[in-house]
Structures are given as structure tokens and as C-alpha cells.
Amino acid sequence: MTGPTRDERVELALELLAHLEAEELSLAEVVDRIETVTTDPTLTRDILDTAEVRGIIDREGGRIRHNRGGTFVRFESQVVQKEGEFDCRRCGASITTGHFVKFESGELGPFGSSCIRKVLGRE
């Protein structure tokens, strides 16, 4: 089974950035979120550049301002829990309940209960 293509990873990361609830984050915090999709530094730069071109974010020095359009993840309908043996995509911890975010471009996860909140900017 092959993973998502480069374009699919870019779209998934862009959707994640578009749905962040924090209005402003440091570059490191944004990269932390993007790394749930890819750890390729070139692709990360491309994602940030594309997000800026599409008007999802504005960059000022080391800060990223989110251009919210009223979009956010609805936990009740867009986050699903699955039971099984997983490793959290953010912290790498072994988990038995994985939280997955369903975006139009695909599914992102699994995450532990605290990491899903961090990834989406709720903590």
C-alpha cells in the first residue's frame, strides 16, 4: 500500500492550516502541525509558500497569522475515534484509541486525545 502523493500531502496540510483555531502561531508551532503530514523540509516550505499564496496565512518574521474564514474542525462530525494499535502522528506514543480528522482531501491521524487538540490549535 502506498502513501499519499506529494500533491495529496500538500492539500491535506493546507486544509489543516485552514482549520487551525489559533489566530497566530510561531513558525515552529506551524511546522509542528505540518510535520503531522510530512517531515520533508522542502515540502514543508512548499506548503507554507502555497498557504501564503492562497491567503490561508500571512507570515511576519517568525510569526504566522491565520486568515480565518470561519472554518474550524467540528469534533462531533470531523474527528472520528478508532480502536486499535496506533502510534500518534504527532508525538509517537503508542495509543489504543486513535483520533482521526476527516478533511475533504483525506484523513489525518491517528493522534492521541491531547495531541489532536494541540494539532488543531485548541490547546
Can you check whether Gly109's main-chain N or O pairs, donor with acceptor, with His99's side chain at less than 3.5 Å? no
Partners meeting side chain to side chain contact (heavy atoms under 4.5 Å, CB included) with Glu15 (sequence neighbours left out): His19, Phe103, Glu104, Ser105
Mind checking the CG-OG1 spacing from Asp49 to Thr44? Nearest 0.5 Å is all I need. 11.0 Å
Measure across Arg33 and Leu20 and return the closest heavy-atom pair with its distance rounded to 0.1 Å. CG-CD2, 4.0 Å
Side chain to side chain contact (heavy atoms under 4.5 Å, CB included) between His66 and Leu25: does it pass, once the steps are laid out? CA-CA 8 Å; His66 182 256; Leu25 296 168; over 6 Å; no
Hydrophobic side-chain clustering at under 4.5 Å (ILVMFWY, transitive links): who's grouped with Phe86? Put none if nobody. Val80, Ile95, Phe100
Has Glu83 got more than 12 heavy atoms of other residues, nucleotides or ligands less than 6.0 Å from its CD? yes
According to side-chain hydrogen bond (donor to acceptor under 3.5 Å, both in side chains), who are the partners of Lys82, at least two apart in sequence or on a separate chain? Glu107
Please report the closest heavy-atom contact between Ile116 and Ser113, naming both atoms and the distance. CG2-O, 3.1 Å
If you compare all heavy atoms of Phe111 against all heavy atoms of Arg89, which two are closest, and at what distance to 0.1 Å? CE2-CB, 3.7 Å
Give me the one residue out of Leu17, Ile56, Leu16 that meets side chain to side chain contact (heavy atoms under 4.5 Å, CB included) with Ile47. Leu17
Tell me the closest heavy-atom pair linking Pro110 and Gly98, and the distance in Å. CB-CA, 4.0 Å
With sequence neighbours left out, the residues meeting side-chain hydrogen bond (donor to acceptor under 3.5 Å, both in side chains) with Glu29 are Ser26
Residues forming a side chain to side chain contact (heavy atoms under 4.5 Å, CB included) with Ile57, sequence neighbours excluded: Leu48, Ala51, Glu52, Arg59, Ile64
Once you round to the nearest 0.5 Å, how far does OG1 of Thr36 lie from NZ of Lys118? 14.0 Å
Pairwise distance CG(Leu120) to CD(Gln78) - rounded to 0.5 angstrom: 9.0 Å
Answer whether the closest heavy-atom distance between the side chains of Arg54 and Leu14 falls below 4.5 Å. yes
Sequence neighbours excluded, the answer for side chain to side chain contact (heavy atoms under 4.5 Å, CB included) partners of Thr42 is Asp40, Arg45, Asp46
